[in-house]
Amino acid sequence: MKNNREPNKRERTPSHVHLIVEMYVKHAFNSSLTLKLRDHILEMLSQVEPVTSFPPTFQYFKPEHVEPFTELDKVGEFTVEFLLVAIELVAIQERTNYPTGTLTESLYKSFGVKDRFQVIQKAVWRG
């Protein structure tokens, strides 16, 4: 990932929309492999639980999870490893701060099934 910090500005961090758009970039390159990645993400999301300590530790991610998806690193801004780590951290944050929240899981359930414009709109919505 490139350094996205502009002079005199705070460091930029990826949000839901950045991560889901990256999935669409990878999907355009290799749809079947990206859908397998989505399924892996959904499995991870089903197992993440709230935390009471900081910083949080990974509950699901293991470096060997990246290997089946390395072909997808040929395209996009983010590596599969970064996506898996970032999505898990977002999920941990959501489960901890919004125990009834479902945005992250909803996004990845919709990915590849619903119209991408609806999914991206959901990712940028701030309610």
Side-chain angles (χ1 to χ4, degrees):
M1 188 172 84
K2 298 176 187 128
N3 180 356
N4 290 324
R5 189 168 187 171
E6 296 177 30
N8 301 317
K9 294 195 177 183
R10 69 180 184 88
E11 188 171 348
R12 298 185 311 187
T13 57
S15 64
H16 285 296
V17 71
H18 299 109
L19 301 173
I20 207 73
V21 166
E22 182 71 12
M23 291 289 289
Y24 280 110
V25 169
K26 292 180 183 320
H27 187 263
F29 173 70
N30 185 329
S31 59
S32 62
L33 187 57
T34 305
L35 292 177
K36 288 177 184 173
L37 175 61
R38 178 218 42 208
D39 293 344
H40 179 86
I41 290 166
L42 288 171
E43 177 64 24
M44 176 266 298
L45 292 173
S46 75
Q47 296 185 35
V48 168
E49 297 184 5
V51 297
T52 57
S53 62
F54 185 84
T57 58
F58 293 114
Q59 300 173 21
Y60 190 82
F61 175 79
K62 291 181 177 40
E64 57 266 22
H65 291 172
V66 175
E67 181 59 35
F69 308 108
T70 55
E71 178 75 9
L72 297 174
D73 286 347
K74 292 181 179 178
V75 297
E77 183 79 15
F78 305 133
T79 65
V80 169
E81 180 178 28
F82 178 84
L83 285 174
L84 292 175
V85 166
I87 293 166
E88 182 168 342
L89 289 173
V90 167
I92 290 169
Q93 180 271 334
E94 183 179 80
R95 292 272 159 69
T96 302
N97 296 330
Y98 309 99
T100 60
T102 59
L103 176 60
T104 303
E105 190 170 2
S106 173
L107 283 174
Y108 293 95
K109 280 183 178 177
S110 298
F111 177 83
V113 178
K114 293 193 176 181
D115 173 19
R116 72 178 173 265
F117 297 105
Q118 289 179 328
V119 177
I120 292 169
Q121 184 63 36
K122 186 186 307 185
V124 297
W125 183 77
R126 294 186 182 259

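Excluded from the calculations below are hydrogen atoms, water molecules and symmetry mates; all remaining heavy atoms, backbone and side chain alike, are included.
Distance check, rounded to the nearest 0.5 Å: NZ of K26 to NZ of K74 gives 12.0 Å. The CD1 atom of I92 sits 11.5 Å away from the CG atom of N97 when rounded to the nearest 0.5 Å.
Scanning all heavy atoms of the two residues, the minimum distance from P68 to L33 falls at O-CD1, 3.5 Å. Taking every heavy atom of both residues into account, L45 and A91 meet most closely at CD2-CB, 3.4 Å. The two residues T104 and H16 have their closest heavy-atom pair at OG1-CE1, 2.9 Å. Across all their heavy atoms, S106 and K122 have their closest contact at OG-NZ, 2.7 Å.
The closest side-chain heavy-atom distance from L72 to N30 is below 4.5 Å. With contacts defined as side-chain heavy-atom distances shorter than 4.5 Å, the pair Q121/V124 qualifies. Counting heavy atoms from C-beta on, the side chains of Y108 and I20 come closer than 4.5 Å. Between V119 and Y24, the closest side-chain pair of non-hydrogen atoms falls below 4.5 Å.
Of the candidates E88, H18, M23, M23 is the only one forming a side-chain contact (heavy atoms from CB on, under 4.5 Å) with L83.
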| From CA spacing to verdict: side chain to side chain contact (heavy atoms under 4.5 Å, CB included), Y98, Q93 | CA-CA 8 Å; Y98 309 99; Q93 180 271 334; 3.6 Å; yes
| request: Could you go through the side chain to side chain contact (heavy atoms under 4.5 Å, CB included) check for S110 and Q118 one step at a time? | output: CA-CA 9 Å; S110 298; Q118 289 179 328; over 6 Å; no
| message | Between T70 and V80, does the side chain to side chain contact (heavy atoms under 4.5 Å, CB included) criterion hold? Intermediate values first, please. | response | CA-CA 7 Å; T70 55; V80 169; over 6 Å; no
Under 3.5 Å donor-acceptor pairs involving side-chain atoms of residues 35-44, not counting sequence neighbours:
residue: R38; atom: NH1; partner: F111; partner atom: O; Å: 2.9
residue: E43; atom: OE2; partner: Q47; partner atom: NE2; Å: 2.4

Please tabulate, for the side chains in residues 49-61, all donor-acceptor contacts under 3.5 angstrom to protein atoms that are two or more places apart in sequence or on a different chain.
residue: Q59; atom: OE1; partner: E49; partner atom: N; Å: 2.6
residue: Q59; atom: NE2; partner: E49; partner atom: O; Å: 2.8

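Checked by atom type and distance alone, the side chain of T79 pairs as donor or acceptor with a backbone atom of F82 at under 3.5 Å. A donor-acceptor contact shorter than 3.5 Å is absent between the side chain of E77 and the backbone of E22.
For K62, there are no salt bridge (Lys or Arg N to Asp or Glu O under 4.0 Å) partners, not counting sequence neighbours.
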